[in-house]
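Working notes for the structure below.
For the numbers below, each heavy atom of this structure counts, side chains included, while hydrogens, waters and symmetry mates do not.
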Amino acid sequence: MAKVCILGGGFIGRFYAESLCGRRSKDSVTVVYSRKEATASRFAKDYDVPHYCTEMEDAIAHPESEFIVIALPNYLHEEAVMLCVKHKKAVLCTKPLGRTAEEALRMTLACEKAGVFAGYLEDLCYTPKFLKSVKSVEDGAIGRVLWAKSRETHPGPHADWFWDMDKAGGGAVVDLGCHCIEIARNFIGKDVLPVEVMCWADTQVKPIDAEDHAIGLVKYENGAIGQFEVSWTFRGGMDLRDEVMGTEGTIWVNSFLRTGFEMFTSGNTDNYVAEKAETNVGWQFPVGDEAHELGYPTMFNDMFDAYEKGIQPRETFYDGYVVNAIIDAAYKSAKTKLWEPVQLPEWRGKRGLSKPSVYQAYDEKHWLIKEEILPNGDKKIILKDKSTGVISEIALLA
């Protein structure tokens, strides 16, 4: 049984509590911290939490706090993690791990040096559809991964600090891109080195200093490309989609906006529809079990099970650090308009990978380019001469 202390009584803290209370039937939220007493006491009442605090260190040091779950604004993550290290408490931190890779690495190394269990709460890498698609990729169902694309867009975050560039560390890229980047890393291989990033980012709609829209490409050492599309300007709810292209197949995943549950209403109630839904009138796209669809219960099961078994969870602080390093390169690229190298002084994956050969032999004299069945049933084979480079075709009649 895990006794959980949640730091933060707001939006994400409540999602975490919804996911924890009764899911494994043996974990409990025993302590909650919020800077505002009204928020802490309301949270404690809503989730039957026996203890609440308005001082962070008091909550972490509390004898009923075994696991510390950080659900705080980005600028408070490092302070909270270092207090967990001080008090030797297992720590789980929401995304992004840090505002920069430098912050993230300090947290990662501090936990490792102190022997403190640390998990990175990247929920979108635990959704049912994602886990099944990753297993398919690992089993070779789509061959070698060439391109992994992830999109998260919605009308913008729910709290004031997100919109403050200093407190958040940036805008849509650090807020949403952290999800998309880690999703692509899982498909491509988390041990494959991210080499460089090209990113476009702009402030198109919101009166803020940070970007509200961005698109980026991450080049990996094995030749694969990760792509992220993020926006705080998208209208119509929250759109979470992934696409993976391999040499032998393709995967499309729609995790949230269009999940097979559609409803029309004239709007005669004020009921909650789904996260980031902008209206409760007209056609709606509700989500049956929002926490489950977003991966939260499976994520916590993995974290607590890993702790009990003495192994690493699927998502670690080190993963959060790599993501932050890619984000740093993206922000630099958005300014320079150039491909920018990913700076990873602490890299623990493979090195020296190269792009595999694109040449597949058809026979002794030719490389195979493509085979295709035409509408009339004929088979067309496109070939390249190995010695001359001449492109030719063979037609096999039906």
Side-chain angles (χ1 to χ4, degrees), residues 1-24 27-84 86-87 89-99 107 118-124 154 156-164 167-169 174-175 178 238 270 272 274-277 287 289-292 294-297 299-300 303-304 320:
M1 174 179 175
K3 294 181 178 180
V4 180
C5 165
I6 295 180
L7 305 181
F11 178 85
I12 194 63
R14 285 178 168 268
F15 251 124
Y16 289 166
E18 293 285 347
S19 305
L20 286 165
C21 293
R23 294 286 180 162
R24 288 207 313 171
D27 307 309
S28 59
V29 181
T30 49
V31 182
V32 63
Y33 155 79
S34 176
R35 290 163 290 176
K36 299 177 181 178
E37 184 166 357
T39 301
S41 61
R42 181 184 177 189
F43 189 105
K45 179 181 178 182
D46 289 346
Y47 295 104
D48 196 24
V49 179
H51 310 283
Y52 71 84
C53 305
T54 56
E55 294 293 332
M56 188 190 302
E57 187 165 6
D58 290 347
I60 292 170
H62 198 285
E64 289 295 298
S65 295
E66 178 187 5
F67 265 90
I68 312 301
V69 174
I70 299 173
L72 295 169
N74 298 353
Y75 67 97
L76 295 174
H77 289 186
E78 186 171 13
E79 177 187 353
V81 167
M82 294 310 178
L83 285 172
C84 292
K86 175 182 176 181
H87 292 279
K89 297 292 179 79
V91 57
L92 310 178
C93 185
T94 193
K95 63 80 196 175
L97 182 56
R99 290 173 293 179
M107 289 183 260
Y120 180 48
L121 298 180
E122 177 43 83
D123 60 290
L124 294 186
H154 57 59
H158 57 274
D160 54 4
W161 65 266
F162 282 96
W163 304 90
D164 185 316
K167 291 181 178 179
V174 73
D175 179 35
C178 58
M238 183 162 69
D270 291 325
Y272 174 82
E275 183 184 345
K276 303 299 188 295
V287 181
D289 184 338
E290 203 161 328
H292 182 66
L294 290 172
Y296 293 113
M299 175 179 70
F300 282 114
M303 295 293 166
F304 297 140

_Is it the case that the side chain of Ser65 and the backbone of Ala59 share a donor-acceptor pair, with hydrogens and angles ignored and the cut-off at 3.5 Å?_
yes
*Between Cys53 and Val31, which heavy-atom pair has the shortest distance, and what is it?*
SG-CG1, 4.2 Å
_Worked check of side-chain contact (heavy atoms from CB on, under 4.5 Å) between Glu78 and Arg99_ = CA-CA 9 Å; Glu78 186 171 13; Arg99 290 173 293 179; 5.8 Å; no
*List the steps, then state whether side-chain contact (heavy atoms from CB on, under 4.5 Å) holds for Leu72 with Tyr33.*
CA-CA 10 Å; Leu72 295 169; Tyr33 155 79; 4.0 Å; yes
_Check: Lys89 side chain, His62 main-chain N or O, donor-acceptor pair, under 3.5 Å_ = yes
*With rounding to the nearest 0.5 Å, note down the distance linking CG in Asp58 to OH in Tyr52.*
13.0 Å
_Verdict with supporting geometry, Leu7 and Leu76, side-chain contact (heavy atoms from CB on, under 4.5 Å)_ = CA-CA 10 Å; Leu7 305 181; Leu76 295 174; over 6 Å; no
*Would you name the heavy atoms of Arg35 and Pro73 that are closest together and state the gap between them?*
NH2-CG, 3.9 Å
*About how many Å separate CD of Glu66 and SG of Cys5, when rounded to the nearest 0.5 Å?*
11.5 Å
*Report the C-alpha separation of Met303 and Leu121 in whole Å, then their side-chain angles, then the decisive distance to 0.1 Å, and conclude whether the side-chain contact (heavy atoms from CB on, under 4.5 Å) test is met.*
CA-CA 9 Å; Met303 295 293 166; Leu121 298 180; 4.1 Å; yes
*asked:* What's the separation between atom OH in Tyr296 and atom CD1 in Ile12, rounded to the nearest 0.5 Å?
replied: 3.5 Å
*Aromatic ring centroids of Phe11 and Phe15 under 6.0 Å?*
yes
*Provide the closest heavy-atom pair for Ala80 versus Ile70 in the form atom of the first, atom of the second, distance.*
CB-CD1, 3.6 Å
*Would you give the length of the straight line joining atom OG of Ser28 to atom CD of Glu64, rounded to the nearest 0.5 angstrom?*
8.0 Å
Donor-acceptor pairs are to be reported for all side-chain atoms of residues 42-50 against protein atoms at under 3.5 Å, with residues two or more places apart or in another chain.
unit_1, atom_1, unit_2, atom_2, d
Asp46, OD2, Arg14, NH1, 3.1
Asp46, OD2, Arg14, NH2, 2.6
Tyr47, OH, Glu18, OE2, 2.9

*asked:* Under the side chain to side chain contact (heavy atoms under 4.5 Å, CB included) test against Phe300, which residue among Leu92, Val4, Asp27 passes?
replied: Leu92
*Taking all non-hydrogen atoms of both residues into account, name the closest pair between Trp161 and Ala168 and its distance.*
O-CB, 3.8 Å
*Would a distance-only check, ignoring hydrogens and angles, find a side-chain to backbone donor-acceptor pair under 3.5 Å from His77 to Gly98?*
no
*Gly13 and Ile6: which non-hydrogen atoms are nearest, and at how many Å?*
O-CD1, 3.9 Å
*In chain order, what residues pass the salt bridge (charged side-chain N to carboxylate O under 4.0 Å, His left out) check against Asp175, with sequence neighbours excluded?*
Lys95
*Nearest heavy-atom pair of Met56 and Leu83: which atoms, and what distance?*
SD-CD1, 3.8 Å
*Taking only residues two or more places apart in sequence or in another chain, which ones pass salt bridge (charged side-chain N to carboxylate O under 4.0 Å, His left out) with Glu37?*
none
*CH2-NE2 distance between Trp163 and His158, expressed to the nearest 0.5 angstrom*: 11.0 Å
